[in-house]
Amino acid sequence: MLERFTKKERRKNRIRSKVFGTALRPRLSISVSNMHVIAQIIDDEAGKTLAYTSDLKIAMKGTKTEKSAAVGAEIADLANKAKIKSVVFDRGGRLYHGRVKALAEAARSKGLEF
């Protein structure tokens with residue numbers, strides 16, 4: 001029997017039904033593929049991206065986990081420049097482990113609250 005959604009898509013839909021970004025507390029959405037990591041801060045009410053970064057913008061060598069941590073630190077710096085102190089974390093259906101955890105902890109260490 002063909003399933004309509006994969007397990008990851010079901011987790012993502014379940015998370016997105018509960019997580020919503022506002023102007024006071026926007027959503028930190030991350031996308032982790034096999035090669036790259038993308039993070040963006042989104043105001044869902046206005047439908048605008050407030051800050052965006054990826055490992056393609058950060059020229060560094062290292063493991064994928066180290067690149068994820070660098071993306072987390074960069075998105076926290078961009079959030080501070082945009083005067084954003086607190087966000088809602090949207091892990092995009094991924095488990096809180098590995099690269100997702102490295103990105104989140106790096107962002108928290110730079111002062112972003114979630």
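Atom NZ of Lys57 has more than 12 neighbouring heavy atoms from other residues, nucleotides or ligands inside a 6.0 Å radius.
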Please list, one pair per line, the donor and acceptor atoms closer than 3.5 Å that link side chains of residues 59-70 to other protein atoms, with sequence neighbours excluded.
unit_1, atom_1, unit_2, atom_2, d
Thr63, OG1, Glu66, N, 3.2
Lys64, NZ, Asn34, O, 2.8
Glu66, OE1, Thr63, N, 3.0
Ser68, OG, Lys64, O, 2.9

Contacts under 3.5 angstrom, residues 89-103 side chains, donor-acceptor by atom type, not counting sequence neighbours:
unit_1, atom_1, unit_2, atom_2, d
Asp90, OD1, Gly92, N, 3.1
Asp90, OD2, Arg27, NH1, 2.9
Arg91, NH1, Arg94, O, 2.5
Arg94, NH1, Val32, O, 3.1
Tyr96, OH, Arg108, NH1, 3.0
Arg99, NH1, Ser33, O, 2.9

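Side-chain heavy-atom separations under 4.5 angstrom define the hydrophobic clusters, and the remaining members of the one that includes Tyr52 are Ile38.
Residues Pro26 and Ser86 come closest through the heavy atom pair CD-O, 3.6 Å. When all heavy atoms of Ala76 and Ala107 are compared, the closest pair comes out as CB-O, 3.7 Å.
At least one side-chain heavy atom of Lys110 sits less than 4.5 Å from a side-chain heavy atom of Asp77.
Note: Thr49 OG1 to Gln40 CD = 4.5 Å, rounded to the nearest 0.5 Å. The distance from the OG atom of Ser17 to the NZ atom of Lys12 is 13.0 Å, given to the nearest 0.5 Å. Between Leu28 atom CG and Leu112 atom CG the span is 6.5 Å, to the nearest 0.5 Å.
Judged as a side-chain contact (heavy atoms from CB on, under 4.5 Å), and not counting sequence neighbours, the contacts of Glu74 are Thr53, Ile58, Leu78. Qualifying side-chain contact (heavy atoms from CB on, under 4.5 Å) partners for Lys85, counting only residues two or more places apart in sequence or in other chains: Asn80. By the side-chain contact (heavy atoms from CB on, under 4.5 Å) test, Val88 pairs with Val19, Arg25, sequence neighbours left out.
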>> Using side-chain contact (heavy atoms from CB on, under 4.5 Å), reason through Ile84 and Ile41 one step at a time and then give a plain yes or no.
In response: CA-CA 9 Å; Ile84 299 169; Ile41 297 177; 4.0 Å; yes
> Do Arg16 and Asp44 pass the side-chain contact (heavy atoms from CB on, under 4.5 Å) test, and can you show the C-alpha distance, the side-chain angles, and the key distance before you say yes or no?
Replying inline: CA-CA 11 Å; Arg16 281 292 290 129; Asp44 288 319; 4.0 Å; yes
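Ile42 and Ile75 fall into different hydrophobic clusters, where Ile, Leu, Val, Met, Phe, Trp and Tyr are joined by side-chain heavy atoms under 4.5 Å apart, directly or via other members. The cluster map of Ile, Leu, Val, Met, Phe, Trp and Tyr, joined by side-chain heavy atoms under 4.5 Å apart, puts Phe114 and Leu50 in the same cluster.
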